Amino acid sequence: MFKSKLSVILFPIILCGFLFGIVYSISADCPACPAFNNCAGDLELLTLKNRTQNTPSWQSSISANAGDTVAFNVYYHNCVSGTTANSTKIRLDFTNIESSPILTTAYLWADNASYVTDSGTITVSTPQKLNFASTAKWYPDQTSSNPTIVPVTINITSVQVNIGNIEGNWTHQGYVVFEATLSGSGSTNHAPTANAGPDKDIQEGETTTLNGSGSDPDGDPLTYSWSCTGGSLSSYSTAQPTYTAPSVSSNTYYNCTLTVRDDEGLTGTDSMVVYVRNQDSGDLFVSLSPNPSSGNAPLNNVSLTADLSGTASGDATFKYDCTNDGSWERITSANSNSNTAYSLCNYYSSGNYTAKVEVTRGGVTNYATAVVYVYDNNQTNHAPTANAGPDKDVYENQSTTLEGSGYDQDGDPLYYSWSCTGGSLSSYSIARPTYTAPSVSYNNYYNCVLTVRDDEGLSASDNMVVYVREQSSGNFSVSLTPNPSSGNAPLNNVSLTAYLSGDASGDATYKYDCTNDGSWERITSANANSNTAYSLCNYYTNGNYTAKVEVTRGGMTNYATAVVYVGGSSQTGTFVVTKLVKNLSDGTGWQTSVSADPGEVLYFSIQVTALNNTQDVIIKDILPSKLIYGGDLRLDNVPTAGDIINGFNIGYLSANQTRTITFKATVANADQFVYGTTELTNTAQINNSSYTGGAAKINVTRSAVAGAITTVVTGINPLFISLMIAFLLALAFYFFWTNLEKSQNPSARRFLSWYYRMRSLIFK
């Protein structure tokens with residue numbers, strides 16, 4: 001009896017196990033899947049030609065100039081006979097900024113075939129960028145003429161086509177040709193040069209001016225940075241700071257290095273030495289007096305008198321140097337606290353000369369300097385020039401910056417003075433004050449005059465005009481609404497809607513400006529209280545943009561602004577950071593979140609925008625433990641050496657400058673994940689700050705059965721689930737069979753007869 005009941009239970013378990021094995025076998029990985037370009041005889045994936053220069057053959061590297069048209073040939077071949085590559089895609093990645101050389105990367109993949117990749121290089125003499133055509137030529141099935149024209153999907157840094165399903169044999173091999181034109185400013189930045197100035201020789205505790213300077217062959221703005229091995233500076237970011245010598249127990253040399261940096265981050269350095277002497281001030285003090293101390297050139301027979309004080313005694317050796325050039329004009333000894341070198345120095349041309357005396361007494365050495373001023377009676381001072389800057393156009397009670405400047409060909413110090421016929425200034429004695437417009441009852445012009453004066457009293461003036469508009473907010477007001485008001489870059493086809501209210505009536509003229517740069521993108525008229533400029537604005541990079549509308553109605557003009565937020569960006573200190581990811585294995589574009597399977601290849605992008613000038617910007621990427629760094633580190637799409645995991649120094653960023661870092665990573669193997677979906681978050685860190693921003697998320701799914709699209713409860717083995725189901729079915733069947741044996745129904749008796757025969761075959 002027990003054996004009979006056991007067989008009733010075991011039979012459905014064995015049957016379910018048999019069916020499970022069949023399903024598992026069917027759902028396993030396919031024995032032959034499509035694969036691209038891995039057969040003997042396959043051509044190179046990506047080759048290039050210069051159409052303008054008639055490059056004779058397809059090459060992996062070519063040269064080009066501005067205006068040239070370049071062709072990109074991408075070859076494909078599904079090597080596995082009897083398979084079909086579903087929805088085959090080809091993409092070219094490139095940099096969207098001017099660069100030299102220009103690097104491009106091709107990707108070929110399908111929904112059921114892994115990607116292959118290759119790179120090509122365009123050598124250019126000056127930085128250029130690529131402007132791709134909106135269509136490509138497709139040569140399918142070994143076609144060599146009459147190509148099919150296919151549309152191209154163009155993004156900021158990539159172009160892509162979908163050529164559909166590709167059969168697996170040589171007959172269906174082919175290629176796609178993209179074309180792009182080179183354009184660029186044609187400018188190459190050159191590094192500046194630094195000059196730290198002459199070495200210095202001073203006593204401890206004394207000060208001297210470091211005579212640093214810099215020059216740039218491109219005329220770029222320069223910034224300065226000093227570092228010294230000892231002592232202190234009045235400023236470490238000016239060309240000519242004041243150096244204060246430290247206290248020393250013996251004469252000591254200190255090295256000071258000047259770094260000059262242009263606005264594109266290139267630098268030049270130079271060093272000088274400060275020789276700091278132990279003054280031993282308790283023993284010997286020295287002072288120096290020239291006679292005469294000033295006069296017109298030539299100033300001859302100047303005498304130098306050295307006076308001593310302190311506890312040192314005995315004979316003193318006096319060494320005199322008329323120009324502090326290290327050459328002694330006279331050396332004499334005397335047992336006296338005062339010594340004069342009569343008629344020693346002759347100065348033949350105008351200038352300020354430094355005379356020096358060095359005295360040794362009682363084993364102690366000290367020195368002193370004094371300045372001799374020599375003038376040129378024939379020297380003519382020139383008046384400076386003034387530039388009040390461009391005219392301004394503002395509404396009443398609003399502010400704008402006056403862009404004044406001055407220049408003096410003699411290099412004299414300059415002083416500024418403003419006067420305006422209306423409105424007020426934040427300061428009347430600086431070149432660029434803030435102007436605040438007064439309240440007006442109608443549009444009015446105000447004149448502002450800038451006077452620039454040198455230190456000898458000569459001056460020059462220039463004027464500009466501030467046009468102050470009546471806002472008329474009591475009778476007529478405007479509001480502006482963008483749609484959408486936010487989104488990820490590129491954010492295109494943003495519409496702007498202006499709403500009017502107030503007493504003004506009649507036709508209204510609407511002027512729309514997408515970025516508030518003074519250039520109207522659309523001007524239209526309508527007799528309505530609202531107006532929409534549809535699909536007007538395109539914002540290609542992350543940032544906060546100010547859109548503006550100016551409306552004139554019934555003789556009155558008013559305006560409104562609104563902010564459009566572009567990009568999922570996070571601001572950290574002086575930076576805006578955006579983190580994106582794309583799945584190369586699946587061929588996705590850049591996103592803030594992607595899905596991935598174990599073992600797939602990802603690419604990460606860190607976009608950093610500086611909000612002000614910042615030196616030595618260090619980027620770290622914080623990879624989760626189940627993402628493996630894969631190299632291919634690039635800065636603005638140019639391969640570079642660096643360590644993005646422990647800290648990658650991308651150098652200097654000027655205000656509003658953006659740089660992009662990309663690199664590859666691989667998702668860990670399946671055995672590193674539990675069944676189901678695991679969310680991994682990748683972040684970037686700037687300058688070791690505690691803030692991490694611009695997170696990118698990766699949703700990794702480990703399926704229960706290889707190749708099957710299944711979501712399984714995390715941590716439970718699918719075989720265990722199947723056996724549990726089989727056991728529960730067996731119990732249910734046992735109770736059903738017990739009741740069935742008691743039944744006299746003919747259909748039930750026939751089912752039992754069939755069941756007994758099947759059971760006897762299995763347990764015979």
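Owing to the predicted nature of the structure, the values given are computational and were not obtained by experimental measurement.
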Listed once per pair and sorted, the salt bridge (charged side-chain N to carboxylate O under 4.0 Å, His left out) pairs that draw on residues 661-676, sequence neighbours left out: none
Is any side-chain heavy atom of S605 less than 4.5 Å from a side-chain heavy atom of T660? yes
When rounded to the nearest 0.5 Å, the distance separating CZ of R553 from OG of S525 is 11.0 Å
Flag the pair C33 / T83 as yes when at least one side-chain heavy-atom distance between them is below 4.5 Å, and no otherwise. no
Quiz question: by atom type and distance under 3.5 Å, do the side chains of Q607 and T609 form a donor-acceptor pair? no
Heavy-atom side-chain contact between F94 and I102 under 4.5 Å: no
Partners passing salt bridge (charged side-chain N to carboxylate O under 4.0 Å, His left out) against R51 (at least two apart in sequence or in another chain): E179
Give the intermediate values and the outcome of side chain to side chain donor-acceptor pair (under 3.5 Å) for residues E550 and T552. CA-CA 7 Å; E550 181 179 289; T552 301; 4.8 Å; no
Measure the spacing between OG1 of T681 and CG of L627 and express it to the nearest 0.5 Å. 10.0 Å
Do any side-chain atoms of residues 490-497 form donor-acceptor pairs under 3.5 angstrom with protein atoms, and if so which ones, sequence neighbours left out?
residue: S495; atom: OG; partner: S535; partner atom: N; Å: 2.9
residue: T497; atom: OG1; partner: T532; partner atom: OG1; Å: 2.8

Name the atoms and distances for all side-chain donor-acceptor pairs under 3.5 Å in residues 149-162, with sequence neighbours left out.
residue: N162; atom: OD1; partner: G164; partner atom: N; Å: 2.9
residue: N162; atom: ND2; partner: S87; partner atom: OG; Å: 2.9

Show me, pair by pair, the donor-acceptor contacts under 3.5 angstrom made by side chains of residues 114-123, not counting sequence neighbours?
residue: T117; atom: OG1; partner: A106; partner atom: O; Å: 2.9
residue: D118; atom: OD2; partner: L46; partner atom: N; Å: 3.2
residue: S119; atom: OG; partner: T105; partner atom: OG1; Å: 3.4

Work out which heavy atom in V478 is nearest to a heavy atom in V551; give both atom names and the distance. CG1-CG2, 4.0 Å
According to ring-ring contact (aromatic ring centres under 6.0 Å, His included), who are the partners of W520, at least two apart in sequence or on a separate chain? none
Shortest non-hydrogen contact from S593 to N699? OG-ND2, 3.6 Å
Does the Q672 side chain pair with the main chain of V667, one donor and one acceptor, at a distance under 3.5 Å? no
Check residues 61-71 and write down every donor-acceptor pair under 3.5 Å in which the side-chain atom is one partner and the other belongs to a residue at least two apart or another chain.
residue: D68; atom: OD2; partner: N50; partner atom: ND2; Å: 3.2
residue: D68; atom: OD2; partner: Q53; partner atom: NE2; Å: 2.8
residue: D68; atom: OD2; partner: N65; partner atom: N; Å: 2.9

About how many Å separate OG1 of T546 and CG of D517, when rounded to the nearest 0.5 Å? 11.0 Å
dist L623:CG -> I628:CD1 (nearest 0.5 Å) comes out at 10.0 Å
Do Y75 and Q173 touch side chain to side chain, with heavy atoms closer than 4.5 Å? yes
May I ask you to check whether over 12 heavy atoms, not counting those of N146, lie within 6.0 Å of atom CG? no
For S183 and K129, what are the C-alpha separation, side-chain angles and deciding distance, and is it a side chain to side chain contact (heavy atoms under 4.5 Å, CB included)? CA-CA 5 Å; S183 65; K129 67 184 297 185; 3.7 Å; yes
Partners of D93 by salt bridge (charged side-chain N to carboxylate O under 4.0 Å, His left out), sequence neighbours excluded? R91, K582
For the residue pair C39 and H77, what are the closest heavy atoms and their distance? SG-CE1, 4.1 Å
Results of ring-ring contact (aromatic ring centres under 6.0 Å, His included) for F604 - residues two or more places apart only: F663
Atom CG of D220 and atom CG of D262: how far apart are they, to the nearest 0.5 Å? 5.0 Å
Is there side-chain contact between V700 and K626, with heavy atoms separated by less than 4.5 Å? no
For T515 and D513, what are the C-alpha separation, side-chain angles and deciding distance, and is it a side chain to side chain contact (heavy atoms under 4.5 Å, CB included)? CA-CA 6 Å; T515 56; D513 183 349; 4.0 Å; yes
Step-by-step ring pair (Phe, Tyr, Trp, His ring centres under 6.0 Å) determination, F36 to Y76: CA-CA 7 Å; F36 286 112; Y76 65 87; 7.2 Å; no
Side chains of D586 and E600: does their closest heavy-atom pair fall under 4.5 Å? yes
Tightest non-hydrogen contact, residues P140 and W138, listed as CD-O, 3.2 Å
Any side-chain heavy atom of L48 within less than 4.5 Å of one from Q59? no
Any side-chain heavy atom of R634 within less than 4.5 Å of one from L103? yes
Any salt bridge linking K89 with D111? Criterion: basic side-chain nitrogen under 4.0 Å from a carboxylate oxygen. yes
So, using ring-ring contact (aromatic ring centres under 6.0 Å, His included) as the criterion, who are the partners of F673 when residues are at least two apart? none
Just to verify, what does Y512 make a ring-ring contact (aromatic ring centres under 6.0 Å, His included) with, not counting sequence neighbours? none
Could you go through Y175 and T143, starting from their C-alpha distance and side-chain angles, then the distance that decides it, and tell me whether this counts as side chain to side chain contact (heavy atoms under 4.5 Å, CB included)? CA-CA 9 Å; Y175 50 94; T143 305; over 6 Å; no
Carefully, step by step, assess F178 and I90 under the rule side chain to side chain contact (heavy atoms under 4.5 Å, CB included). CA-CA 10 Å; F178 303 86; I90 295 174; 3.9 Å; yes
Just verifying a value: how many Å separate E679 CD and I698 CD1, rounded to the nearest 0.5 Å? 9.0 Å
Could you pull out all residues at least two apart from D621 that satisfy salt bridge (charged side-chain N to carboxylate O under 4.0 Å, His left out)? K579
G647 versus I618, closest heavy-atom pair with distance: CA-CG2, 3.8 Å
Could you tell me which non-hydrogen atom of F72 sits nearest to which non-hydrogen atom of A180, and how far apart they are? CE1-CB, 4.0 Å
